[in-house]
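Data block below; observations after.
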Amino acid sequence: MLGSEAYMKLAVSMAAQTLGQTSPNPSVGCVIVKDGAVAGMGAHLKAGTEHAEIHALAQVGKNADGADLYVTLEPCSHYGKTPPCAEAIIAAGISRVFIAVLDPNPLVSGKGMEILQKAGIEVNVGLCAEEAWEINRMFFYFIKHKKPFVTVKTALTLDGKSASFTGDSKWITSEEARMDVHESRHLHDAILTGINTVNKDNPLLTARLPRGGRNPIRIILDTSLSIREDANVLTDKNARTIVICAKNASIDKEKWISSQGIQVKRFPSESIHLEELLDWLGELNIISLYVEGGSKIHTSFIRGGLFQELHCYLAPKILGGNQSIPFIGGDSFERMEQSTPIEFSHVERIGPDIKIIAKPLAK
Ligand SMILES: Nc1c(/N=C/[C@H](O)[C@H](O)[C@H](O)COP(=O)(O)O)[nH]c(=O)[nH]c1=O
Ligand SMILES: Nc1c(N[C@@H]2O[C@H](COP(=O)(O)O)[C@@H](O)[C@H]2O)[nH]c(=O)[nH]c1=O
Ligand SMILES: [Zn+2]
């Protein structure tokens, strides 16, 4: 007999595996247990399709009476694209429901639990809450702030350089570490880079995983529309691409880019204000943004405190050189206390490299 925790861990593993493909919905896993045996299990697979609970209940059918249901997110109680899961759980005769985390979506938050309790169902909240929260942390952030969860990603030599003074950066990190980056690209709705990186590296910014992968929307910051007309991101049609420019960018260049089927978003200010950009991306229902730099972009996001996670890949190389490109540029501070405080939340080896995940700390 697997204990309750083990059943929730099974549900969590299904949510973890479907992360990315359910966006802009959260990823959810559900397991139904009857007489000590798993009688149904399911995950939400794609926004607009059946929720995890509905898939699991469909497998149990008439046999759900008196069964226990484990779900990683509070069952929904609203009529979205699918009928409310809370009602379906009651109708099926489930007797106990274990919920990992409540849904912060104002449409649902606490209501699903209340409906279940009112129907006499015993509800337990908090089993595997940490893991369940971590899985949908980007969705929860978006629901609360209505703008994308920002992950800044950088690849550096041990002494913090992201390129040589000529701009050469191929390669700093290993094949395995770069594959991990593609996994992150798959998990984010959009990827952002600056015109310097586009003109220097001509990147594809696609998620090229052995199993395929979801190509994020490409957001190119190009204040004056100096992008080359033959840039991969304009010509390869591999992903939706949006070029962001500012007030004084050439109208003709904007017209030409638009004629290539690429969206151009012009901000009325002299420069692109990142807070406004993030709000605008939130209006497009983009729940997560992967910021791949380069140095100027990284400086704006980090110094602006506009990030929720930092992924730093450190390579066993030392470049040195005062003219080499650092991770962060910008003004030089007099005192160490003016530095940006972060906390290391995860460190792991990836091949010869080290991956550090850090989160911002309030100053
Ligand atoms: N130079 C390195 C990186 N360089 C990251 C730059 O954004 C570079 O333009 C893109 O990785 C190229 O994108 P694409 O592969 O064409 O989609 N990133 C890394 O993780 N390690 C490195 O060594
Ligand atoms: N994916 C998921 C839930 N997602 C919740 O429902 C909202 C989406 O509703 P809809 O547009 O109808 O798909 C989403 O914002 C989130 O609050 N709820 C659940 O009970 N189980 C699921 O598997
Ligand atoms: Zn639901």
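Every number for a ligand or one of its atoms is a count from 1 in the order of the listing. Each residue takes its place number in the sequence, starting with 1.
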- prompt: Can you tell me how far the SG atom of Cys245 sits from the CD1 atom of Ile272, to the nearest 0.5 Å?
  reply: 7.0 Å
task: Compare Lys46, His78, His51 and give the one whose heavy atom is closest to atom 18 (N) of ligand 2.
output: His51
- prompt: Looking at Leu205, which atoms of ligand 1 are within less than 4.0 Å of one of its heavy atoms?
  reply: 14 (P), 17 (O)
- request: Select one of side chain, backbone, both or neither to describe which atoms of Thr197 lie under 4.0 Å from any atom of ligand 1, heavy atoms only.
  value: side chain
- prompt: Does atom NZ of Lys46 have more than 12 heavy-atom neighbours from other groups under 6.0 Å away?
  reply: no
field: Subset of ligand 1 atoms that lie under 4.0 Å from at least one heavy atom of Arg208
entry: 14 (P), 15 (O), 16 (O), 17 (O)
- request: Please report which non-hydrogen protein atom sits nearest to atom 16 (O) of ligand 1, along with the residue it belongs to and the distance in Å to one decimal place.
  value: Leu204 N, 2.9 Å
message: For Asp103 and Asn105, which I'm curious about, is there any donor-acceptor pair between the side chains at under 3.5 Å?
response: no
- request: Could you list the atoms of ligand 1 found under 4.0 angstrom from a heavy atom of Ser169?
  value: 1 (N), 2 (C), 23 (O)
- request: Heavy-atom contacts with His44 under 4.0 Å: which atoms of ligand 2 show up? List them by number with element.
  value: 1 (N), 23 (O)
His188 and Thr151: side chain donor to acceptor below 3.5 Å: yes
query: Relative to ligand 2, is Ala52 under 4.0 angstrom through side chain, backbone, both or neither, heavy atoms considered?
result: both
statement: Closest to atom 21 (N) of ligand 2 among protein heavy atoms sits Glu53 OE1, 2.8 Å
query: By residue and atom, what protein N/O/S atoms are less than 2.8 Å from the Zn ion (ligand 3)?
result: His51 ND1, Cys76 SG, Cys85 SG
task: Show which atoms of ligand 2 fall inside a sub-4.0 Å distance from at least one heavy-atom site of Cys76.
output: 18 (N), 19 (C), 20 (O)
- prompt: How would you list all residue pairs meeting side-chain hydrogen bond (donor to acceptor under 3.5 Å, both in side chains) that involve residues 106-121, not counting sequence neighbours?
  reply: Glu114-Lys118
query: Heavy atom under 4.0 Å from ligand 1: found in Ala155's side chain, backbone, both, or neither?
result: side chain
- prompt: Do Arg240 and Gln263 have side-chain N/O donor and acceptor atoms under 3.5 Å apart?
  reply: yes
query: Is the shortest N/O to N/O distance between Phe139 and ligand 2 below 3.5 Å?
result: no
task: Could you tell me whether Glu131 and Lys9 have a side-chain N and a carboxylate O separated by less than 4.0 Å?
output: yes
- prompt: Is it the side chain (CB and beyond), the backbone, both or neither of Lys355 that lies under 4.0 Å from ligand 1, heavy atoms counted?
  reply: neither
message: Taking distance alone, with N or O pairs closer than 3.5 Å, would you say Asn105 contacts ligand 2?
response: yes
statement: Quick look: Lys153 vs ligand 1, heavy-atom contacts under 4.0 Å, and the answer is side chain
- prompt: Judging by distance only, is a nitrogen or oxygen of Thr173 under 3.5 angstrom from one on ligand 1?
  reply: yes
statement: ligand 2 atoms nearer than 4.0 angstrom to some heavy atom of Asp103 are 5 (C), 16 (C), 17 (O)
message: Assess whether a salt bridge exists between Lys253 and Glu229, defined as any Lys/Arg side-chain N lying under 4.0 Å from an Asp/Glu carboxylate O.
response: no
query: Against heavy atoms of Ile172, which atoms of ligand 1 measure under 4.0 Å?
result: 22 (C), 23 (O)
query: Any idea which atoms of ligand 2 are less than 4.0 Å away from a heavy-atom of Glu74?
result: 20 (O)
Lys265 charged N/C atom sitting above Phe267 aromatic ring, 6.0 Å / 45°: yes
- request: Please confirm whether His182 comes within less than 3.5 Å of ligand 1 when only nitrogen or oxygen atoms on both sides are compared.
  value: no
- request: Provide the number and element of each atom of ligand 2 under 4.0 Å from a heavy atom of Asn25.
  value: 8 (C), 13 (O), 14 (C)
message: Return the closest protein heavy atom for atom 7 (O) of ligand 1 as residue, atom name and distance.
response: Glu292 OE1, 3.3 Å
message: Would Lys200 count as a contact residue for ligand 1, given that I'm defining contact as a non-hydrogen atom of the residue lying under 4.0 Å from a ligand atom?
response: no
Nearest-contact summary for atom 8 (C) of ligand 1 - protein heavy atom, Å: Asp201 OD2, 3.2 Å
message: Heavy-atom distances under 4.0 Å decide this one: backbone, side chain, both or neither, for Pro26 against ligand 2?
response: both
task: Please write down residue, atom name and distance for the protein heavy atom closest to atom 10 (C) of ligand 1.
output: Arg185 NH2, 3.9 Å
message: Under a 4.0 angstrom heavy-atom cut-off, which atoms of ligand 2 come close to Pro75?
response: 20 (O)
Protein heavy atom at shortest distance from atom 12 (O) of ligand 2: Lys81 N, 2.7 Å
- prompt: For atom 12 (C) of ligand 1, which protein heavy atom lies nearest, and how many Å away is it?
  reply: Pro203 CB, 3.6 Å
message: Using a 4.0 Å heavy-atom cut-off, which part of Val181 comes near ligand 1: side chain, backbone, both, or neither?
response: side chain
field: Flag for Thr166-Ser164: side-chain donor and acceptor within less than 3.5 Å
entry: yes
- prompt: Is there a donor in the side chain of Thr22 and an acceptor in the side chain of Ser27, or the other way round, less than 3.5 Å apart?
  reply: yes
